[in-house]
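Report on the structure given below.
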Amino acid sequence: MPYGERRTWAYLVTALLVPSLYVAAVLAGPGLARSVEGEFQAPLLVAIGAGLVANMFFVRPPRKGRDRRDERDAEIDRRGERVGFIVLGAAMIAPLALAMLEAAYFWIAHAAYLAYVLSAAVSSAAKLVFYRRGL
Amino acid sequence: MARPTKVTNRIRELRFANGRMTQAELADRVEVTRQTIIAIEQGRYSPSLETAFQIARVFGATVDDVFAYPEQE
């Protein structure tokens, strides 16, 4: 598997794994009801930070002389990011609507987090489809 | 599976005509990944004009000798 595709798989795994672990930790820990009413900022920030660190850990830099990225990788990356941007734009309507409805900060923040997660996951999935089916 | 590009090519034929050059060798000479050569050969990717010229140069051919585009839609 070429470096670009391997890197995309790593992004997808991170995009799905970290939020899943976060949700599991919230449900197993304080629970949803208590999180909505209580302090949710710190765990959410930890989840966002963990996502960044996990990307650095899973998404290895290219090995000198072995991994090569070329114009096809760049084009797939560009098109995948465009798909992700469309998803992000659509998904950000949810936190905006929640804010207008004066929903709890918990739901607004998590709707925004979900929008970023969806964007990253769909963008990575789209890139993998482009790698397999062509541009 | 539908071919995403209408550009056809003779890369496979030319590789065999040039001492059975492997996809990896061609990829190294053009400085792209082997997967990109595979994708071009299978019509799943249209290379940039620059890469098309580089591929043609490896075979000592013109771009028209290597790549073709259908006359009509």
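Since this is a predicted model, take the numbers as computed values, not measurements. First the proteins, then the strands, lettered A, B, ... as listed; each starts at 1.
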Quiz item: From A:Asp70 CG over to B:Tyr45 OH, what is the distance, rounded to the nearest 0.5 angstrom?
Solution: 7.0 Å
Self-check item: Members of residues 46-68 of chain B whose heavy atoms come closer than 4.5 Å to chain A
Solution: B:Pro47, B:Ser48, B:Thr51
Exercise. Report whether A:Leu118 and A:Met92 are members of the same hydrophobic cluster (ILVMFWY, side-chain heavy atoms less than 4.5 Å apart, transitive linking).
Key: no
Quiz item: Transitively linked via ILVMFWY side-chain contacts under 4.5 Å: A:Val53 with A:Leu17?
Solution: no
Exercise. Look at atom CZ of A:Phe106 and say whether more than 12 heavy atoms of other residues, nucleotides or ligands are closer to it than 6.0 Å.
Key: yes
Self-check item: Neighbour count >12 (heavy atoms, 6.0 Å) for atom CZ, B:Arg12
Solution: no
Practice problem: Can you see which heavy atom on B:Arg44 is nearest to which on A:Tyr131, and at what distance? | Solution: NH1-O, 3.4 Å
Practice problem: Inspect the surroundings of CD in A:Gln41 and state if more than 12 heavy atoms from other residues, nucleotides or ligands are less than 6.0 Å away. | Solution: yes
Quiz item: With hydrophobic residues grouped by side-chain heavy-atom distances under 4.5 Å, do A:Leu44 and A:Val117 end up in a single group?
Solution: yes
Self-check item: Shared hydrophobic cluster for A:Ile48 and A:Leu88 (ILVMFWY, side-chain gaps under 4.5 Å)
Solution: no
Quiz item: Using non-hydrogen atoms only, which part of A:Tyr3 is less than 4.5 Å away from chain B: side chain, backbone, both, or neither?
Solution: neither
Quiz item: Can you pull out the residues in residues 20-37 of chain B with any heavy atom less than 4.5 Å from chain A?
Solution: B:Ala27, B:Asp28, B:Glu31, B:Val32, B:Thr33, B:Gln35, B:Thr36
Quiz item: Are A:Val18 and A:Leu27 linked, directly or through other ILVMFWY residues, by side chains that come within less than 4.5 angstrom of each other?
Solution: yes
